[in-house]
Amino acid sequence: MENNVKLKMTLPDIPDIELVAVEGLDKMARHLGISDEKIGEARILVTEAIINAIEHSGKEKMEVDVEFTMTKEKLVIFVRDYGQGFKPESVEEPDILKKMGTENKRGWGLKIMKSMSDDFLIESNENGTKITLIKNLV
Amino acid sequence: MENNVKLKMTLPDIPDIELVAVEGLDKMARHLGISDEKIGEARILVTEAIINAIEHSGKEKMEVDVEFTMTKEKLVIFVRDYGQGFKPESVEEPDILKKMGTENKRGWGLKIMKSMSDDFLIESNENGTKITLIKNLV
Amino acid sequence: MEAEFNLTSEINNDCLVLKTDGYVNNYGGEQISNEFNKHFKNGIKKVVISLAKSKVVNSIGISFMIEIIEQLNEVNGKLYFTDMDSSIEKTLTIMGLFSYAGKASTIDEAIKSLN
Amino acid sequence: MEAEFNLTSEINNDCLVLKTDGYVNNYGGEQISNEFNKHFKNGIKKVVISLAKSKVVNSIGISFMIEIIEQLNEVNGKLYFTDMDSSIEKTLTIMGLFSYAGKASTIDEAIKSLN
Ligand SMILES: Nc1ncnc2c1ncn2[C@@H]1O[C@H](COP(=O)(O)OP(=O)(O)O)[C@@H](O)[C@H]1O
Ligand SMILES: Nc1ncnc2c1ncn2[C@@H]1O[C@H](COP(=O)(O)OP(=O)(O)O)[C@@H](O)[C@H]1O
């Protein structure tokens, strides 16, 4: 592909490591002249995908693989962990009204990723989880 | 190794991409409680190694591989490009007096890396260059 | 290395004004929540959170805001968010926060609406 | 996204004071060089470069400083660096810059030494 920029990282499980990926995203986006609005949304997607992967990464292989492929038109975000996986279809859709009065206020990552991306795919089994997010940049 | 933190990246040839690696270095160093002075010097090493690799990366495989392995005591920086390589022993030692009055003021990267690291290894052939820098952190 | 998150806090026209600086993650959310609770105990019911200096948030950090809204609801208080990057505003919208919290372009505007 | 490099410039006691903000790379070095040349043409011979807001430099950016020193030498002028992070000071030392340029902790100190 013309003007296809690719960044790959394998991230350790340490605090705020997702910001390294965000910095990479920013550099790629600036190079390709992507609008601030689209970059902002891409930042949120990247952040949510990585914090989930880090949180649920495997005890043996605690690292997380991240891959961005960006053109002027489109960003593909790929994040994979080596954790125990999950069944996305069993995750309950969060609702702010229900969250009020209950202890656990969390559970928004998947909803945000689904809402803010243009395409969204989760492949998960007992060897880990792969998430692919597509974001149109124009 | 105990408390061994590892970060791997494959960087594209775009402006200031070395700052993504520097951001990763900062996060690792903060996590391990490394002193500001040592982090500062590690930043310089990382920057110089990556800008060389990016500048001399191959026309076909323009990417650069970077790997940091950090403990509280030691940082190993590994950077590899797929360029045409060079003979380190034929690179002339730069001298500021000689630089004055000549057009090309550059040529400081290798000297800085040699001076600021605790160990320094270049392996280079027609398939590219690998540079390994070791920096003691205490 | 700078800290990833800083919070400043002031009282302006009976409103608690919190300004974030940096990444609103788990730690950032907790800082906001702690600072809010200190003033909530003293009777503060109007709160403004300015996100002018935050370019990135995560959903864990923002989920702390739900608790603040919950506590304010019980005393007929209100929370306003201001100076949001468009992507952050979108995130809060997806989470449904603006069904309960207000938004404004600037702190002054928010304070006006709260008074 | 902020710009990676910004430069501010002022004249103080006959000295050109340049303050960098951000990464002193090829682009940053060129900006400094251009700003210097503008004032050098007008007769400025004393220059201070404050690196207080630069945490990272690279050798290509710093190599532009050699040309500035060269030009100042010809007119008996002088360059001072101030507010350096210890690793940046070490870099400039390795390059041999302090054989020709001065260093000081603060801009005021540098200006005093230049006058
Ligand atoms: N990569 C993953 N591996 C295993 N489980 C996951 C992963 N990502 C999400 N989940 C599961 O889905 C649930 C919802 O995730 P999310 O919407 O991101 O909210 P939160 O992480 O705050 O709970 C999580 O609580 C977890 O059980
Ligand atoms: N990764 C590399 N691949 C090929 N040549 C290299 C590489 N790194 C350095 N060199 C060679 O060594 C020379 C000196 O490099 P360096 O000291 O970093 O200064 P500069 O890059 O500014 O010239 C370069 O001009 C180049 O010829």
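The model shown is predicted, which means the values in this text are computed figures rather than measured ones.
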Task: Neighbour count above 12 (heavy atom, 6.0 Å) for Glu67(B) CD - done: yes
Open item on the list: Do Met95(D) and Ile96(B) have side chains that approach each other closer than 4.5 Å (heavy atoms only, starting at C-beta)?
Closed with: no
Distance-only donor-acceptor screen, chain B against chain D, under 3.5 angstrom:
from: Asp16(B); atom 1: OD1; to: Asn25(D); atom 2: ND2; distance (Å): 2.8
from: Glu18(B); atom 1: OE2; to: Tyr23(D); atom 2: OH; distance (Å): 2.6
from: Gly40(B); atom 1: O; to: Ser87(D); atom 2: OG; distance (Å): 3.4
from: Glu41(B); atom 1: OE1; to: Lys90(D); atom 2: NZ; distance (Å): 3.4
from: Glu41(B); atom 1: OE2; to: Lys90(D); atom 2: NZ; distance (Å): 3.2
from: Glu48(B); atom 1: OE1; to: Ser59(D); atom 2: OG; distance (Å): 2.7
from: Glu48(B); atom 1: OE2; to: Ser59(D); atom 2: N; distance (Å): 2.6
from: Glu48(B); atom 1: OE2; to: Ser59(D); atom 2: OG; distance (Å): 3.3
from: Gly101(B); atom 1: N; to: Glu70(D); atom 2: OE1; distance (Å): 3.2
from: Gly101(B); atom 1: N; to: Glu70(D); atom 2: OE2; distance (Å): 3.1
from: Lys105(B); atom 1: NZ; to: Glu70(D); atom 2: OE1; distance (Å): 2.4

Open item on the list: So for Ile51(B), is it side chain, backbone, both, or neither that comes closer than 4.5 Å to the heavy atoms of chain D?
Closed with: side chain
Open item on the list: For Leu19(B), which atoms come within 4.5 Å of any heavy atom of chain D: side chain, backbone, both, or neither?
Closed with: side chain
Task: Contact list for residues 60-106 of chain B, test ring pair (Phe, Tyr, Trp, His ring centres under 6.0 Å), sequence neighbours left out - done: none
Open item on the list: Is Ile62(D) close to chain B through its backbone or its side chain, or both, or neither, when contacts mean heavy atoms under 4.5 Å?
Closed with: neither
